[in-house]
Amino acid sequence: MNAIVNGKILLPDGMVEDHALLYTNKIVGVVPTDHIPAHTVCIDAGGGYVAAGLIDLHIHGYGGVDVCCGDTDALRQMDAGMRQNGVTGWLATTMTVDEDTLRRAFDACREVMAEGGHALLGVHAEGPYINPAKTGAQDASCALLPNPAWIKEYADVIRVLTLAPEMDSDFAAIRELKRDTDIVLSMGHTDADYSTAMAGVAAGITHATHLFNAMRPLHHREPGAVGAALTADVSCELIADGHHVHPALYDLVWRQKGRRLCLITDCLSAAGTADGVGHLGGQPIHVEDGLCHLPDGTIAGSTLRLHEAIWNLHTHSSIPLWECVNCASLNPATVLGLSHRKGSLEAGKDADILITNRDFEPTITILSGKAV
């Protein structure tokens with residue numbers, strides 16, 4: 001038995017102090033410090049925070065490597081970097097690139113997932129079924145019409161698929177994938193108007209990729225895909241780096257979406273490296289002071305780390321810290337259908353734990369009860 005003491009424990013509905021978190025490979029529970037069983041190994045949190053391990057639904061690269069490299073060693077390197085940042089679950093996110101590159105990336109993820117012991121939970125395929133008019137930093141020449149048969153070949157590893165609903169004739173592919181797989185279907189890189197986006201939701205879309213970014217904006221007479229994402233019963237990703245979405249909107253979005261809001265990083269290979277020139281899906285990017293952009297000035301992903309997104313959301317809003325943590329743990333776990341065993345410090349769940357200092361910077365990450 002292990003216990004984490006001298007920390008502010010962040011539970012789904014509040015913060016507890018002067019208590020200890022007990023765990024083995026599973027969470028045992030939260031008890032007063034004078035109720036810690038004998039012979040328990042104690043870890044001192046140093047007055048910092050104790051939270052559930054973080055889950056990033058959308059990350060392309062880290063530390064100089066990219067998911068689209070299709071390299072198992074690169075994925076293992078990314079996995080180690082994620083754990084250093086308090087992330088105990090992540091989706092390797094591919095770009096809109098050619099199908100051969102995607103196959104290599106999917107196969108590499110399948111191999112690493114089969115090894116066990118990693119934080120990698122699967123793939124987020126961001127495209128290639130996107131609208132060429134809303135590619136953002138993606139390669140418009142690689143955008144395709146939806147092919148559900150091809151996606152179903154990788155239904156064992158793809159957890160989230162981003163597509164533009166208006167590119168799916170009569171929403172046939174959306175309905176087929178909803179019927180035949182457990183893949184979370186997400187609208188993104190879309191120019192859909194409000195009615196088309198809502199029809200996509202009715203057909204099976206349950207998620208929205210990086211809300212506001214690379215989608216038709218909100219207008220009071222035509223709410224567009226943003227309006228649909230905010231009003232429909234779908235979960236929404238948000239990049240809280242201060243560049244992609246103005247912090248003044250954080251409160252508004254959280255009040256509208258609540259436990260359906262998921263913080264992501266949309267992190268690139270340049271994260272964890274020095275400023276300069278990097279790459280994204282074969283395209284050159286420039287990184288300066290954490291902001292990534294293409295040569296034409298288009299914002300391209302981020303160098304954000306998920307614990308930073310939590311702190312940004314908290315310090316630029318009225319949202320309680322535990323709810324900000326939920327946005328990067330419990331809420332994404334719910335999206336993936338894993339909330340019964342991941343995403344919060346509740347008894348019986350996997351002992352995936354993050355310990356931070358008082359500024360919410362990671363000091364210890366615990367995966368399935370082991371400090372990693």
Side-chain angles (χ1 to χ4, degrees), residues 53 55-62 65-80 82-83 87-130 142 144-163 168 171-188 203-207 209 235 237 262 264 281 331-343 349-350 352 367-368:
I55 299 174
D56 195 341
L57 297 176
H58 192 142
I59 176 166
H60 294 281
Y62 187 82
V65 297
D66 189 286
V67 171
C68 283
C69 292
D71 181 84
T72 54
D73 286 339
L75 289 173
R76 296 183 191 101
Q77 180 179 329
M78 278 187 66
D79 195 81
M82 293 303 94
R83 287 180 273 134
V87 173
T88 56
W90 61 286
L91 296 186
T93 305
T94 54
M95 296 285 291
T96 294
V97 291
D98 64 273
E99 289 190 352
D100 287 342
T101 299
L102 289 175
R103 284 188 183 275
R104 287 193 296 271
F106 297 163
D107 289 340
C109 288
R110 180 182 279 151
E111 181 177 338
V112 173
M113 290 171 64
E115 294 171 356
H118 300 295
L120 178 61
L121 298 175
V123 169
H124 178 162
E126 190 179 11
Y129 311 129
I130 63 174
C142 292
L144 301 172
L145 296 177
N147 180 356
W150 192 80
I151 291 296
K152 284 193 285 187
E153 292 182 40
Y154 295 97
D156 58 319
V157 293
I158 297 176
R159 299 288 179 261
V160 177
L161 171 65
T162 293
L163 49 74
D168 182 15
F171 311 109
I174 293 172
R175 286 195 297 270
E176 181 176 340
L177 289 169
K178 181 69 173 179
R179 183 192 68 215
D180 296 342
T181 75
D182 294 323
I183 295 171
V184 176
L185 303 177
S186 182
M187 59 179 164
I205 288 174
T206 59
H207 192 67
T209 298
S235 47
E237 299 176 354
C262 299
I264 61 164
N331 302 356
T334 301
V335 169
L336 297 176
L338 298 175
S339 60
H340 61 291
R341 62 183 184 90
K342 292 184 181 293
K349 292 190 177 184
D350 295 347
D352 296 345
L367 179 65
S368 296

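Any value given below was found using the heavy atoms of this structure, including those in side chains, with hydrogens, waters and symmetry copies removed.
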Side chains of Cys262 and Val335 in contact at under 4.5 Å (non-hydrogen atoms) = yes
Go through the side-chain N and O atoms of Thr162 and His124 and say whether any donor and acceptor fall under 3.5 Å apart.
-> yes
State whether Arg76 and Asp79 are salt-bridged, where the test is any N-O pair (Lys NZ or Arg NE/NH1/NH2 against Asp/Glu carboxylate O) under 4.0 Å.
-> no
Can you tell which of Asp168, Ile174, Ile151 makes a side chain to side chain contact (heavy atoms under 4.5 Å, CB included) with Leu163?
-> Ile174
Which atom names give the shortest non-hydrogen contact between Thr96 and Gly127, and what distance separates them?
-> OG1-CA, 3.5 Å
Spatial distance of atom CG (Leu185) from atom NZ (Lys178) [nearest 0.5 Å] = 6.5 Å
How far apart are the closest heavy atoms of Thr94 and Ala125, and which atoms are they?
-> OG1-CA, 3.4 Å
Do Trp90 and Ile55 touch side chain to side chain, with heavy atoms closer than 4.5 Å?
-> no
Taken in chain and number order and not counting sequence neighbours, the residues that satisfy side chain to side chain contact (heavy atoms under 4.5 Å, CB included) with Ala155 are Thr181, Ile183
By salt bridge (charged side-chain N to carboxylate O under 4.0 Å, His left out), Arg103 pairs with (sequence neighbours left out) Glu153
After noting the C-alpha distance and the side-chain angles of Arg104 and Asp107, does the key distance pass the salt bridge (charged side-chain N to carboxylate O under 4.0 Å, His left out) rule?
-> CA-CA 5 Å; Arg104 287 193 296 271; Asp107 289 340; over 6 Å; no
Student check: side-chain heavy atoms of Phe171 and Ile205 closer than 4.5 Å = no
Derivation of the side-chain contact (heavy atoms from CB on, under 4.5 Å) call for Ile264 and Thr93 | CA-CA 11 Å; Ile264 61 164; Thr93 305; over 6 Å; no
Which atom names give the shortest non-hydrogen contact between Ser186 and Val160, and what distance separates them?
-> CB-CG1, 4.1 Å
Less than 4.5 Å apart, any side-chain heavy atom of Met95 and any of His60?
-> yes
Partner residues of Arg159 under the salt bridge (charged side-chain N to carboxylate O under 4.0 Å, His left out) criterion, sequence neighbours left out = none
Is there a donor in the side chain of Ser235 and an acceptor in the side chain of His207, or the other way round, less than 3.5 Å apart?
-> yes
Check whether any side-chain heavy atom of Lys349 sits under 4.5 Å from a side-chain heavy atom of Lys342, and report yes or no.
-> no
To the nearest 0.5 Å, atom CD1 of Ile130 lies from atom CG of Leu145 at 12.0 Å
Enclosure of Lys152 NZ (heavy-atom neighbours >12, cutoff 6.0 Å) = yes
What are the two closest heavy atoms between Ser339 and Thr334, and how far apart are they?
-> CB-OG1, 3.5 Å
Distance col, row Leu75:CG vs Glu111:CD, nearest 0.5 angstrom, shows 9.5 Å
If you draw a 6.0 Å radius around CG in Asp98, do more than 12 non-hydrogen atoms from other residues or ligands fall strictly inside?
-> yes
Any chance you could measure Met78, atom CE, to Cys69, atom SG, to the nearest 0.5 Å?
-> 10.0 Å
Glu126 versus Thr209: any side-chain heavy-atom pair under 4.5 Å?
-> yes
Do Asp73 and Val65 pass the side-chain contact (heavy atoms from CB on, under 4.5 Å) test, and can you show the C-alpha distance, the side-chain angles, and the key distance before you say yes or no?
-> CA-CA 9 Å; Asp73 286 339; Val65 297; over 6 Å; no
Separation between CH2 of Trp150 and CG of Leu144, rounded to the nearest 0.5 Å | 8.5 Å
Shortest non-hydrogen contact from Val67 toward Ile59 | CG2-O, 4.0 Å
Can Asn147 and Tyr129 be said to form a side-chain contact (heavy atoms from CB on, under 4.5 Å), step by step?
-> CA-CA 8 Å; Asn147 180 356; Tyr129 311 129; 3.6 Å; yes
Close side-chain approach of Phe106 to Ile158, heavy-atom, < 4.5 Å = yes
Can you tell if the side chain of Leu121 reaches within under 4.5 Å of the side chain of Leu338, non-hydrogen atoms only?
-> yes
Nearest heavy-atom pair of Cys109 and Ala92: which atoms, and what distance?
-> SG-CB, 3.6 Å
Evaluate the side-chain contact (heavy atoms from CB on, under 4.5 Å) criterion for residues Arg83 and Thr88: first the C-alpha distance (whole Å), next the side-chain angles of each, then the deciding distance (0.1 Å), finally the verdict.
-> CA-CA 6 Å; Arg83 287 180 273 134; Thr88 56; 5.7 Å; no
Interatomic distance, Arg341 atom CZ to Asp352 atom CG [nearest 0.5 angstrom] | 8.5 Å
